[in-house]
Amino acid sequence: MARRADATARAVIECAADAIVAFGPDRTVMLWNPAAERMFGWSAAEVVGLEPQIIPEELKAEHNAVLERVREGGQISFATRRTRKDGTVIDVRIDTSALTDGAGEVTGWVNICHQAGEDDVARHYMAERARVVRRLGDVVADMNAQRDLESVLDRIAASLRELTSADAGGFVLIEDDMLRLVSTAGLPARLRGRTAALSKSLVGELMKSGKTVMMATGESGGFDDLIWSALPRLHTIALGLSHVAGRPYGALYALYSRRKLSHVELELLELLAGHAGVALTNAMAFEEVVRQRAHERAVIDGSADGIAVLDDARLVREWNPAAHRITGMPAQDAIGRPPPFPLPEPDATLTCKLPNGRWLDVLCTALADGGELVIDFRDVTAAKELEEAKDLFLATTSHELRTPITVVQGFASTLASRWDQLADAERRAAVRTIAERAGSLGRLVEQLLLGSRAGADELPVSNGPFDLGAVLREAAAAFRPLSDKHTVVADIPDDLPPAGGDAMATDIIVGQLLENAFKYSPDGGTVVVRARVEGEGGWIDVTVEDEGIGIAEGDHERIFGRFVQGETGDRRRFGGVGIGLFIVRRLAVAQHAEVTASSRAAGGTIMRLRLRPADGAGPDPRAA
């Protein structure tokens with residue numbers, strides 16, 4: 001009896017007009033009757049034991065949800081779509097119920113599929129339209145939330161396939177007369193970046209038509225465009241144009257190789273293309289803002305001027321690296337506090353001095369859209385010091401020139417008016433004084449000319465091997481009779497090797513160093529000229545040491561500047577115009593040598609000239 005009942009049930013299923021599909025607990029096909037073969041095109045042998053191929057990708061979630069609801073009890077009837085073996089999509093109504101065993105446990109499900117009538121198709125069309133429109137809203141919101149242009153393009157391609165049930169899709173950018181594929185979905189990744197001519201593409205045809213959406217079909221799928229060869233059995237292409245700033249920016253492609261395209265999908269493609277243009281506009285505007293901010297930040301951070309932004313309470317909000325370098329105050333200490341200098345009125349400039357001695361020019365600008373201020377300040381200490389030094393130089397030079405000129409003029413007038421009344425010895429003494437003062441004037445003028453040439457890097461230096469020992473001994477001998485307070489000692493080895501450089505320039509350097517040694521040791525003392533060969537490269541160190549007032553801390557490098565002297569502010573005591581050591585440094589550099597200053601532990605100064613050997617061996621001393 002049971003065997004007869006089973007046979008009867010089998011006959012009913014085989015002869016049923018409706019397609020019957022049973023699924024096991026693992027969601028694979030258990031039963032596939034002849035009506036299912038006729039409706040969907042696959043034979044039972046092709047589907048039994050496998051996951052069903054009739055369910056479109058975008059409807060798999062719906063299919064699984066229905067099965068779970070049926071597991072909880074009851075029967076569900078719903079309208080949906082299913083895919084045939086030839087790739088077409090049909091509208092169906094499915095009655096779903098659970099298979100249970102004797103204990104009431106669910107062992108599977110049965111789907112009875114009816115091809116939908118016109119009313120069902122209409123209802124399904126409206127329901128499907130409502131579903132995809134709701135989904136379109138979610139997709140658009142998601143696209144507009146993206147700020148990175150590449151992310152927006154990838155989201156557009158993925159949404160295209162999801163909403164239009166396309167088998168593949170992509171987005172192409174219009175770049176002059178070319179197209180470039182920038183995002184894909186369902187296509188090989190290697191196609192990204194591929195280009196094609198705009199004039200020969202479907203996008204070109206669409207732009208010529210004046211429309212925003214079009215559909216093209218081909219029997220063989222041999223579309224002459226950018227990406228079609230990568231999708232086998234391609235039969236339909238739908239594309240929609242996206243505009244940015246009123247101009248065509250790119251196009252969405254929906255590619256179909258298994259499914260057919262309906263009016264709903266075509267309408268969705270057009271809507272999606274329009275929304276894609278909005279999302280792209282937003283992303284491009286955001287990227288432009290980011291680029292502008294990055295450019296502004298690079299300009300601010302790379303500026304040699306200090307730049308600060310103050311809020312309406314006049315507290316620092318931004319503080320660039322140059323502001324740190326100029327003021328010595330790092331950003332973390334400056335932000336949230338007033339700037340460490342007075343502020344001028346907006347659109348005005350103020351010159352002020354920091355506690356660390358630096359001079360600043362401060363410019364204040366008010367932003368038009370709020371109470372913020374932008375402060376631009378630069379270090380003008382060098383210019384300020386040079387200006388002061390020039391003023392002092394002019395005053396000192398005038399004094400240095402006036403004294404000998406006054407003496408020369410006075411003695412010359414005396415000789416002219418009282419020549420016959422003066423004794424021969426008096427006349428000779430007056431002429432000797434005039435000659436000495438004229439010599440002083442000549443030396444001063446020569447020094448000024450040499451300083452001018454040094455500043456323009458036009459010193460007359462001819463480098464070559466020369467007898468350094470002879471130059472040093474002659475210089476020491478020439479200075480011994482010039483002062484009865486000083487003792488000049490020459491500590492120069494007899495075997496001192498020749499040096500490389502210019503003998504006359506070296507003589508000027510040593511002479512200036514000896515003159516300074518006399519000048520800045522007014523109470524006298526010993527002045528030592530010493531020469532030694534130092535280091536593996538054979539460099540020759542020449543030093544001039546005195547027992548004078550020494551050099552103030554921090555001035556050891558500063559004294560080589562133009563118009564600068566040690567003991568600043570006391571020029572009347574020592575005289576001079578402050579360019580002697582500037583000339584010394586420039587003459588040393590011209591010989592590829594080095595000159596430095598240091599203080600003696602017992603008081604006084606050591607001036608060191610380092611010359612290269614005549615053979616030119618060894619590294620540059622300035623790199624040591």
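What you see below is based on every heavy atom in this structure, not just the backbone, and it leaves out hydrogens, waters and symmetry mates. This one's a predicted model, so the numbers in the text were calculated from it and none came from an experiment.
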>> I'd like to know whether Leu350 forms a side chain to side chain contact (heavy atoms under 4.5 Å, CB included) with Leu343, so could you lay out the CA-CA distance, the side-chain angles of the two residues, the decisive distance to 0.1 Å, and finally the verdict.
In response: CA-CA 7 Å; Leu350 174 69; Leu343 297 177; over 6 Å; no

>> On a heavy-atom basis, which atom in Gln591 and which in Ala505 lie closest, and how many Å separate them?
In response: NE2-CB, 3.8 Å

> What's the shortest heavy-atom distance between Pro498 and Ile540, and which atoms?
Replying inline: O-CD1, 3.9 Å

> Taking it one step at a time, do Arg612 and Trp539 satisfy side chain to side chain contact (heavy atoms under 4.5 Å, CB included)?
Replying inline: CA-CA 5 Å; Arg612 66 173 63 231; Trp539 293 98; 2.4 Å; yes

> Does a sphere of radius 6.0 Å around CZ in Arg337 hold more than 12 heavy atoms from other residues, nucleotides or ligands, not counting ones at 6.0 Å or beyond?
Replying inline: no

>> Is it the case that the side chains of His556 and Ser599 hold a donor-acceptor pair, with the cut-off being a distance below 3.5 Å and no angle test?
In response: yes

>> Working to the nearest 0.5 angstrom, can you tell me the gap between Ile307 CD1 and Trp319 CH2?
In response: 11.5 Å

>> So, taking the atom named CD1 in Ile551 and the one named CD1 in Ile606, what distance separates them when rounded to the nearest 0.5 Å?
In response: 10.0 Å

> Nearest 0.5 Å, what's the CZ-CG distance between Arg358 and Asp379?
Replying inline: 5.0 Å

>> Closer than 3.5 angstrom, by distance alone: can the side chain of His592 be matched with the main-chain N or O of Asn463 as a donor-acceptor pair?
In response: no

> Can Val316 and Leu310 be said to form a side chain to side chain contact (heavy atoms under 4.5 Å, CB included), step by step?
Replying inline: CA-CA 4 Å; Val316 175; Leu310 310 185; 3.6 Å; yes

>> Is it the case that the side chain of Asn320 and the backbone of Ala323 share a donor-acceptor pair, with hydrogens and angles ignored and the cut-off at 3.5 Å?
In response: yes

> Can you tell me if Arg314 uses its side chain to pair, donor with acceptor, with the backbone of Pro338 under 3.5 Å?
Replying inline: no

> Between Ser521 and His486, what is the shortest heavy-atom contact and its length?
Replying inline: O-NE2, 2.8 Å

>> Checking Thr605 against Tyr520 for the side chain to side chain contact (heavy atoms under 4.5 Å, CB included) test, could you report, in this order, the C-alpha distance in whole Å, the side-chain angles of both residues, the deciding distance, and whether it holds?
In response: CA-CA 9 Å; Thr605 302; Tyr520 293 105; over 6 Å; no

> Is a side-chain N or O of Arg180 found less than 3.5 angstrom from the main chain of Gly193, in a donor-acceptor match?
Replying inline: no

> Rounded to the nearest 0.5 Å, how far does CD1 of Ile174 lie from CG of Leu179?
Replying inline: 6.5 Å

> Out of curiosity, Asp361 CG to Asp376 CG, how far, rounded to the nearest 0.5 Å?
Replying inline: 10.0 Å

> Where do Asp546 and Arg600 land on the salt bridge (Lys or Arg N to Asp or Glu O under 4.0 Å) test, with the steps shown first?
Replying inline: CA-CA 8 Å; Asp546 64 58; Arg600 293 177 72 243; over 6 Å; no

>> Could you check whether any side-chain N or O of Asp467 sits under 3.5 Å from a backbone N or O of Gly469, counting only pairs where one atom can act as donor and the other as acceptor?
In response: yes

> Nearest heavy-atom pair of Val527 and Ala517: which atoms, and what distance?
Replying inline: CG1-CB, 3.9 Å

>> Testing the basics here: between Ser598 and Arg608, what is the closest heavy-atom pair and its distance to 0.1 Å?
In response: OG-NH1, 4.5 Å

> Name the one of Arg530, Glu534, Glu594 that satisfies side-chain contact (heavy atoms from CB on, under 4.5 Å) with Asp541?
Replying inline: Glu534

>> Surrounding CD of Glu553 (heavy atoms of other residues, nucleotides or ligands, distance under 6.0 Å), is the total greater than 12?
In response: no

>> Within this structure, what is the CG-CG distance for the pair Leu587 and Asp502, rounded to the nearest 0.5 Å?
In response: 8.5 Å

> Is Glu547 reaching over with its side chain to a backbone N or O of Thr526, donor-acceptor style, under 3.5 angstrom?
Replying inline: yes

>> Less than 4.5 Å apart, side chain to side chain, heavy atoms only: is that true for Arg585 and Glu557?
In response: yes

>> Between Arg378 and Asp305, is the salt bridge (Lys or Arg N to Asp or Glu O under 4.0 Å) condition met? List the steps.
In response: CA-CA 5 Å; Arg378 63 182 55 183; Asp305 286 4; 2.8 Å; yes

> Closest approach of Gly186 and Ala168, non-hydrogen atoms and distance?
Replying inline: O-CB, 3.7 Å

> With distance as the sole test, does Asp311 use its side chain to make a donor-acceptor pair with the main-chain N or O of Leu315 at under 3.5 Å?
Replying inline: yes

> Is there side-chain contact between Phe479 and Val510, with at least one heavy-atom pair below 4.5 Å?
Replying inline: no

